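Encoded as structure tokens, the structure appears first; notes follow it.
The figures that follow rest on heavy atoms only: side chains count, while hydrogens, waters and symmetry mates do not. Computed from a prediction, not measured in an experiment: that's the story for all the values here. Start at 1 and go down the list; that is how both ligands and their atoms are numbered.
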Amino acid sequence: MVNITVVGTGYVGLVTGACLSDFGNRVVCVDNDPKKLETLGRGEIPFYEPGLKELVEMNRTRNRLSFSGDIAASVSSADVVFIAVGTPPDEQGHADLKYVREVAAAIAEHMDGYTIVVTKSTVPTGTGSLVDSILRERRPEADFDVVSNPEFLREGSAIGDFMRPDRVVIGASSERAMDVMEKVYRPLYLLRTPIMRTTVANAEMIKYASNAFLALKISYINEIANVCDAVGADVTVVARAMGLDGRISPKFLHAGPGYGGSCFPKDTLALTHIAEKAGYRFRTLEAVLEVNRLQQMRMVDKAKSLLGSLENKVIAVLGVTFKPSTDDVRDAPSLTILPELQRQGATIRAHDPVVSALPGVDNVTWCSDAYDAARGADCVLLLTEWNEYRDLDFEKLGATMRDKTFLDCRNIYNPRDMKQHGFRHVGVGRSFEASAPWAMDDVLIRESSDSIPAPETVSDRRS
Ligand code: UGA
């Protein structure tokens, strides 16, 4: 058992603290926000993440997990201190390390005995040495090591990702630190999870390179979808066949309205800046950012070409979070798509299973379900693939619509089925014209096996 302190009870900190306590370590999660601590003290979680509340509760009951506002006591009693505070982009899009610096200074003040200081937040290369120099400057005599241990968990499936990761990356400044970190992750060693032992700088780069590559895959398949639209091909079939090549893999090849969330937009931008600062222009990544911006606007163009004009049209938007199983709307495509629809004259009726307000987006009528949203609508625009939208009753949905059109931004419905239901339907790189009856069975058999995932894997784009 290792004594761990996690500083920052945001998304990464809380998931990390809960999971590491479940591994058998003794964990204290520290925060300087008394309101947050009060919420956690009542057994509530300040955001929506499946399974997290139960995991926190169970480990608190077993006295392995606690919350505290006392950074001094929590740091001095810890063998390992994780820094899991936010690194929001500053005005130029660089990751702002203000909170990391503040926490490093506080750790320097209170660490007692050999201490390992771990960066868990996504931080630019060089942050490990920055933390090291802050600690060394303030406590030249102290016995410590710095480690970078980036997280690869996805919102909505964070617990599963943490407990059964593809790999764990540990970038350490000494063998001694590496040995302690191995103890922290002991249950994963037993599961034979690949553990990558490397340097701090490599670990920091691995995180950015991984997220940027996933974003690149998405922008790439979105562009293939746009070409499919133009030449009359079906991107879902193209992506499936591409993915059967082991070198490509089928994961993160789902065309859609562009990626969003708190990670890909921020990390791709930050990596272009890291490269720029080092004197290198990262051209593919610049294109990824541009394609993603254009893809969001393309959904508006699609709605416009379906309806002729958006002036005085009513659009029923289904799903506004950046993906299912989360209440997070940070950088969600909905934040740019909805205002643009409104700007072009459309009225929005919207539904989302967990969200009923969007920051900066007014004049939206929030509805009780998909059918309520579709009342009087000229078009249904499915933006987030929540499970409850995967098996809609089209008879019921169409009955109250002014015009039966459906813009399926996540390609969850088959164009031929939609035609049978009497809907004019458009997907992303997938249309009725691009599908053929003799090719349907094969596609359907394969689709039915993975297009309706179990609830806990609803956002699992790995399968
Ligand atoms: C992402 C990474 O997947 C995690 O590995 C990483 O740890 C995390 O960022 C982070 O850096 O903290 P997350 O942002 O939670 O996780 O969500 P994803 O499931 O990766 O989805 C991101 C966006 O890409 C969503 O808007 C999603 O709809 C979109 N997406 C994903 C697609 O449009 N197509 C796909 O095939 C996959």
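In terms of polar-atom proximity, defined here as any N/O pair under 3.5 Å, Lys207 does make such a contact with ligand 1. For a threshold of 3.5 Å applied to N or O pairs, the pair formed by Gly261 and ligand 1 contains no separation below that value. For a threshold of 3.5 Å applied to N or O pairs, the pair formed by Gly258 and ligand 1 contains no separation below that value. Backbone and side-chain nitrogen or oxygen atoms of Arg154 are examined, and none is located within less than 3.5 angstrom of a nitrogen or oxygen of ligand 1. Close N/O approach between Glu155 and ligand 1 is found [any backbone or side-chain N/O within under 3.5 Å]. In terms of N/O distances under 3.5 Å, ligand 1 is approached by Arg410. For ligand 1, the polar-atom distance check finds an N/O of Leu153 within less than 3.5 Å of one of the ligand's N/O atoms.
Nearest residue to atom 30 (N) of ligand 1 from Asp328, Ile218, Thr384 is Ile218 (criterion: closest heavy atom). Of the listed options Pro324, Cys263, Pro250, Cys263 places a heavy atom closest to atom 10 (C) of ligand 1. Around atom 5 (O) of ligand 1, the closest heavy atom drawn from Phe252, Phe162, Phe152, Phe322 belongs to Phe152. The closest non-hydrogen atom to atom 1 (C) of ligand 1, taken over Tyr259, Tyr208, Phe264, comes from Phe264.
A salt bridge is absent between Asp96 and Lys98: the closest approach of a Lys/Arg side-chain nitrogen to an acidic carboxylate oxygen does not fall below 4.0 angstrom. Classification of Arg430 and Asp408 as a salt-bridged pair fails, no side-chain N sitting under 4.0 Å from a carboxylate O. By the 4.0 Å N-to-carboxylate-O rule, Arg283 lies too far from Glu286 to be salt-bridged with it. Between Glu57 and Arg60 there is no salt bridge, since none of the side-chain N atoms of the basic residue sits less than 4.0 Å from a carboxylate O of the acidic one. Between Asp33 and Lys35 there is no salt bridge, since no side-chain N of the basic residue sits under 4.0 Å from a carboxylate O of the acidic one.
Summarising the local packing, CZ of Phe394 is surrounded by more than 12 heavy atoms from other residues, nucleotides or ligands at distances under 6.0 Å. For Asp391, the CG atom is loosely surrounded, since the number of other residues' heavy atoms within 6.0 Å does not exceed 12.
Phe23 and Phe162 have tilted rings, their planes meeting at an angle from 30° to 60° on a 0 to 90° scale. Using cut-offs of 30° and 60° on the angle between ring planes, the pair Tyr11 and Phe47 is tilted.
Under the 4.5 Å side-chain criterion, counting only non-hydrogen atoms from C-beta, Leu407 is in contact with Leu306.
At a heavy-atom distance under 4.0 Å, no atom of Lys251 approaches ligand 1. Contacts of Lys323 with ligand 1, taken as heavy-atom pairs under 4.0 Å, involve the side chain alone. Looking at Gln295 against ligand 1, nothing comes within 4.0 Å, counting heavy atoms. At a heavy-atom distance under 4.0 Å, no atom of Asn222 approaches ligand 1.
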